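Data first, discussion second: the structure below is written as structure tokens.
The shown structure was predicted, so the numbers you read here are calculated from the model rather than taken from an experiment.
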Amino acid sequence: MNELPEFQALGIAPELIPALLAKGFQTPSAIQTLTIPTLLSGEKDLIGQALTGTGKTAAFGLPIIQTLEAAEYPQALILAPTRELSIQISDELKSLAGAKELRIAPFFGGQIITIQLAELKHGVDIVVGTPGRIMDLHRRGKLQLDRLQFAVLDEADEMLDMGFIDDIREILSLTNPDKRMLMFSATMPEEIMEIAGEFMRPGYDIANAGGANTTNIELTEQYFHEVKREHKIDALSRLIDADSDMYAMIFCRTRADVNEVAEKLNAKGYRVEALHGEISQAQRLRVINGFKKRRFSLLIATDVAARGIDVNDLTHVINYSLPSNAETYIHRIGRTGRAGRHGIAVTFVTPGERRKIKFIEKDIGTPIPQKKLPEISDIINAKKEKFAEMIALLIETGDADEYLNFAEELCTLGSHPAEALAAVLKMHFKNELLTSSYTEFGQKEKTDAPDMKKLLLFAGRADGISVPALLAEICERTGIRSNQLGKILCRADKTFIHAAERDAEKILKAFKNDPEWRFKYDEPREERRRKKSEHKFEKSPEENSSEKPAEKVRRKKKSEKKSAPPRKPLREEFWSWIGEPE
């Protein structure tokens, strides 16, 4: 049995080996090799410079778990920039602990605080949380930090970028000076070194396992496409179409860009979700969990919204908007090429941004070559090859043997077996493998076929509706797959779906008695205008008048003035008021 001798050589106890084997560990990563012995010895504090996805949680988690025993007070504090990362670290530590009974819990904003207070009351050995919630719990007198054995700052540079510097200083000032302290950071800004000098024990070490100026060109292929801004959606569509296995994060600079890209890709039939600062916490968690479970394969996000999302098997990172600096670029592309897997980082560069990409290239010390976008023929050939591979695999494994008799029957329908196969391909792909179904850059997007009907769903993004969830629901109830439908446009309060008439009828029938999914045919714009016009002429003359409110008021006053009795001359009126002189 493999007892992971390299981990044991670092000082990891045999009791923790089964948990590592269960999680698939084989050999220590660079940051684990540099960190574990130092933390176990307790001689020095440590700054670990490493990118996300390099095994940092195990690097500090294993020494903490091995050292601690259950107690009545918190013995380790791990600060993280986001609630998602806090949850992720907590779950990872629980799995690394294996049979060792340590109480580990995450604490973050957005969750009812009474739940967390109850958790602390029952006792927590390892506290994982965001700075704001940790400070809140301490100020309530529910979280004591003066008996810690370990304090860890994970993604320290991101916490500084998010404005947590004062909270971090206050939290660390409440901890005991004899604790072991570790900071992880992809970059080493001046504030990191100031915190180290202020709160770490003298003589701390810096373990560099690859920071912001390090890229792994062997695992992450980097290149850029020069694309005009107005052609970016078309370029992105080509990249997606050329790789059916794409599992990617697409980065935009602003919330408006995220919404625009998500809406346009959804309209084209791709299964995507958006993530930015204006999305509610409940929806954010739903989107992140759906992405990790591959309910959809494309996530469009801003840099801030993507913080704390850790997915190890991304195939691509696409910079839809060119990042402003090398550090942001590295943070983005560091999300692919993890755990020994090959990854691809693609950047869209407008003609005016050529100098900017060269500066980034110089800062990271790695060439970023330019590539041509896939041609339409490349996309079609890629789809054909993928389909042929799937067919070959089914033949090799024999998984399709139960359909042999039916296949032989189908082959007799035409004058040649190839005719039957061509008909099957047409049913499966429709026009997907025809050059005529694609548009060139700059051309107007193809519209749905004339026989397509437009359905209106009385719900949208604000109601928690997402295109992937909607497609899954339709498929479950009707058997209609996403490639059988036309454009889907999901707006804040309503969603439009284009479908063939027969499919539209099936959808209406399947959802007829469901009050949560209210569908109906959407009336053509001309029909809506006609009804609006008819309604306009049905109004009374006064309602139908285009006269402005202010003009109506002036006209009314003028009318009242005309109809009033004539006033007496001013002199006569004056004497009638005070009385005529005798």
Side-chain angles (χ1 to χ4, degrees), residues 29-32 34-36 38-39 45-65 68 74-97 104-109 124-135 145 148-165 167-169 171-172 175 179-189 191-193 195-196 199-200 204-212 288 304 306-312 327 330-331 334-335 338:
S29 67
I31 192 63
Q32 291 163 1
L34 293 168
T35 303
I36 289 173
T38 302
L39 282 180
D45 290 340
L46 195 65
I47 298 177
Q49 188 171 9
L51 295 171
T52 303
T54 53
K56 292 184 297 177
T57 304
F60 65 75
L62 289 171
I64 290 175
I65 291 166
L68 299 184
Q75 302 171 78
L77 172 67
I78 300 160
L79 292 178
T82 65
R83 54 191 64 125
E84 290 83 17
L85 188 56
S86 300
I87 295 169
Q88 182 179 303
I89 292 170
S90 176
D91 291 343
E92 180 78 1
L93 293 180
K94 288 175 184 176
S95 64
L96 290 170
I104 306 164
F107 299 87
F108 49 86
V124 178
D125 298 302
I126 302 175
V127 172
V128 187
T130 54
R133 181 49 60 97
I134 296 300
M135 278 306 309
L145 303 171
L148 296 178
Q149 292 191 47
F150 292 91
V152 179
L153 304 187
D154 195 13
E155 306 282 5
D157 50 353
E158 289 205 14
M159 285 195 282
L160 298 182
D161 289 344
M162 295 170 73
F164 288 132
I165 181 68
D167 284 346
I168 290 171
R169 279 201 161 94
I171 290 167
L172 292 177
T175 61
K179 66 188 177 301
R180 286 171 242 183
M181 186 170 167
L182 171 64
M183 282 199 293
F184 276 119
S185 184
T187 61
M188 300 293 285
E191 292 91 339
I192 294 287
M193 304 312 296
I195 287 176
F199 296 104
M200 283 185 164
Y204 62 82
D205 276 349
I206 298 178
N208 191 337
I288 292 172
V304 173
R307 284 172 174 162
I309 303 174
D310 194 12
V311 182
N312 284 330
E327 289 184 11
I330 288 295
H331 273 299
R335 297 173 182 277
R338 294 183 181 179

CE-CG distance between Met183 and Leu79, expressed to the nearest 0.5 angstrom: 11.5 Å
Heavy-atom closest pair, residues Ala76 and Leu148: N-CD2, 3.8 Å
Point-to-point distance, once rounded to the nearest 0.5 Å, from CZ of Phe60 to CG of Leu39: 10.0 Å
Heavy-atom side-chain contact between Ile165 and Ile195 under 4.5 Å: yes
Residues in side-chain contact (heavy atoms from CB on, under 4.5 Å) contact with Leu34, at least two apart in sequence or another chain: Ala207, Ala209
For the student: nearest non-hydrogen atoms of Ala59 and Ile36, plus distance: O-CG1, 3.6 Å
Min side-chain heavy-atom separation Ile206-Met193 under 4.5 Å: yes
Residues in side-chain contact (heavy atoms from CB on, under 4.5 Å) contact with Ala80, at least two apart in sequence or another chain: Leu85, Ser86, Ile89
Taking every non-hydrogen atom, the tightest pair across Pro63 and Ala58: CD-O, 3.9 Å
Partners meeting side chain to side chain donor-acceptor pair (under 3.5 Å) with Thr175 (sequence neighbours left out): Lys179
Identified side-chain contact (heavy atoms from CB on, under 4.5 Å) partner of Met181 from the options Val152, Leu153, Leu46: Leu153
Nearest heavy atoms of Gly55 and Gln32, plus distance in Å: O-NE2, 3.1 Å
Gap between atom CG of Asp91 and atom CD of Gln88 - 0.5 Å precision: 8.0 Å
Counterpart residues, side-chain contact (heavy atoms from CB on, under 4.5 Å), relative to Arg83 (two or more places apart): Phe108, Gln281
Phe107: ring-ring contact (aromatic ring centres under 6.0 Å, His included) partners, not counting sequence neighbours: none
side-chain contact (heavy atoms from CB on, under 4.5 Å) partner of Met159, the single match among Ile192, Ile168, Thr82: Ile168
Asp125: partners by side-chain contact (heavy atoms from CB on, under 4.5 Å), with sequence neighbours left out: Ala70, Ala71, Gln75, Leu102, Arg103
Ile78 CD1 to Ile64 CD1 distance, which is reported to the nearest 0.5 Å: 4.5 Å
Shortest non-hydrogen separation from Leu62 to Leu96 and the atoms involved: CD2-CD2, 4.2 Å
Rounded distance (nearest 0.5 Å) linking atom CD1 of Ile126 with atom NZ of Lys94: 10.5 Å
Student check: side-chain heavy atoms of Arg169 and Phe199 closer than 4.5 Å: yes
Residue pair Phe164 / Pro131: nearest heavy atoms and the distance that separates them: CG-CG, 3.7 Å
Between CD1 on residue Ile134 and CG on residue Asp167, distance to nearest 0.5 Å: 10.5 Å
